[in-house]
Enquirer: 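Below: one structure in structure tokens.
Everything quoted here is computed from the prediction, not taken from an experiment.
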There are 2 protein chains.
Amino acid sequence: MPGPRRGTADGPCPIGRTADILGDRWALLIMRNATVGMTRFDEFKAELDIADNVLSGRLRQLVESGLLTRIPYRPEGGGRTRDEYRLTQAGEDLLPLLHAMMVWGNAHSESASPTRPMRLVHSTCGESFEPGRRCPRCRRRVPRSETAWIRPWRSDLAQVLGAAAAP
Amino acid sequence: MPGPRRGTADGPCPIGRTADILGDRWALLIMRNATVGMTRFDEFKAELDIADNVLSGRLRQLVESGLLTRIPYRPEGGGRTRDEYRLTQAGEDLLPLLHAMMVWGNAHSESASPTRPMRLVHSTCGESFEPGRRCPRCRRRVPRSETAWIRPWRSDLAQVLGAAAAP
DNA sequence: TCGTAGGCTTGCGTTAAGCAAGTCTGGAGG
DNA sequence: CCTCCAGACTTGCTTAACGCAAGCCTACGA
């Protein structure tokens, strides 16, 4: 933002410090998509409809903030090696925050084309759960690999975490 | 932001809709302070170190989004009647989101002057709790009136919700 | 009636977003 | 070995929004 931004990046309040990193629409949307399995520059660009200079800048900030890391990969169709952006532990730990955003959004905002609400479910049993709590059906802790976002407005089935797909 | 902002305010994803409202540093900080009991324009201005035109704009947006309402009050020291900004139900329901931000910030960011971490406690028994869950000591649901934020970096005791004080 | 104070608006310079075009790099193919 | 190619990233331009500062506007008190 204009003017010498007087940030609170190292202030005493943890909410203020978090707001300094995530108090940005694009940062939140990128981390949302990364959390559902998205990793590549052109995927983010196409899905978010974001200008590539802005995307490039945000990804760099998120890497600097320690939420993402760059890892080389070789595209399946051939081509030069490129980097993909994967969640760090700090990035994975955003799950409760994104879940809270989902719950609030389900309750207090409305879609132009209503569907059944988005849910976070335990992929091995299909039951809704809350991050940090045990699955109410299995009574087990839900590892990240068994986490799925149900997005009823999407017709495809690429909703399980790990299948790169966009909300 | 520049250019005709292509928002997702009514998109199908509730996280995207929430990001449209709260994907802004000032919006998050204002709602944080409102949640700990702050209500008045000059309080926000002084505590957040925000320009008054920006504060005015953000408060208007938050009222339009249904997170705050304006309520007239008469200043104790005399003076004309003014409006204060109080949380609506939607605003109060941000508690889990702010709590998740607190937890993440405690874990993954660092203060320039470290203290014991911020906590959300049940004010009648002093036990930490998570929004939506019962108090682990009392086994009772924690109403908003019994909610307190412990902010160890503040020496004063105005930490109980309802006493207008800033993080 | 006038002074005052706080909330809000306006104007100016600066930063960053959105857009579009260009650059840079390394693998593939000739 | 050289060239082509595709995609990530950079640069330049226009415009919106921030930070700052000054001014306005309005009830209440004197």
Enquirer: For the pair made of CD1 in A:Ile30 and C1' in C:dA17, what is the distance, rounded to whole Å?
Expert: 13 Å

Enquirer: Does a side-chain N or O from A:Arg25 land closer than 4.0 Å to OP1 or OP2 of C:dA16, or not?
Expert: no

Enquirer: Applying side chain to side chain contact (heavy atoms under 4.5 Å, CB included), run through B:Leu87 and B:Leu94 and close with a yes or a no.
Expert: CA-CA 10 Å; B:Leu87 292 174; B:Leu94 288 178; over 6 Å; no

Enquirer: For B:Arg58, which contact category applies under a 4.0 Å heavy-atom criterion: base, sugar-phosphate, or nothing?
Expert: sugar-phosphate

Enquirer: Just wondering, more than 12 heavy atoms not from A:Arg40 lying within 6.0 Å of its CZ?
Expert: yes

Enquirer: Expressed in angstrom and rounded to an integer, what is the separation of A:Arg80 atom CZ from D:dA8 atom C1'?
Expert: 7 Å

Enquirer: Whole-Å distance between D:dT10 C1' and A:Phe41 CZ?
Expert: 10 Å

Enquirer: For B:Asp42 and C:dT4, what is the distance between atoms CG and P respectively, to the nearest whole Å?
Expert: 19 Å

Enquirer: Nearest heavy atom decides the nucleotide; on that basis, is A:Arg82 or A:Asp52 closer to the 5' end of DNA chain C?
Expert: A:Asp52

Enquirer: Rounded to whole Å, how long is the line connecting atom CG of A:Leu55 with atom C1' of D:dG7?
Expert: 13 Å

Enquirer: Please give, in whole Å, the distance from C:dG7 P to B:Tyr73 OH?
Expert: 5 Å

Enquirer: In whole angstroms, how far is the P atom of C:dG18 from the CG atom of A:Leu29?
Expert: 11 Å

Enquirer: Taking only the side-chain heavy atoms of A:Tyr85 (C-beta and beyond), determine which of D:dC9, D:dT10, C:dT9 contains the nearest atom.
Expert: D:dC9

Enquirer: Is B:Trp26 close enough to D:dG19 that one of its side-chain N or O atoms is under 4.0 Å from OP1 or OP2 there?
Expert: yes

Enquirer: Would you call A:Asp10-A:Arg17 a salt bridge at under 4.0 Å N-O?
Expert: no

Enquirer: Please say which of B:Arg134, B:Arg137, B:Glu127, B:Glu146 ends up in a side chain to side chain donor-acceptor pair (under 3.5 Å) with B:His122.
Expert: B:Glu146

Enquirer: Given atom CG of A:Asn53 and atom C1' of D:dT10, what is their separation to the nearest angstrom?
Expert: 8 Å

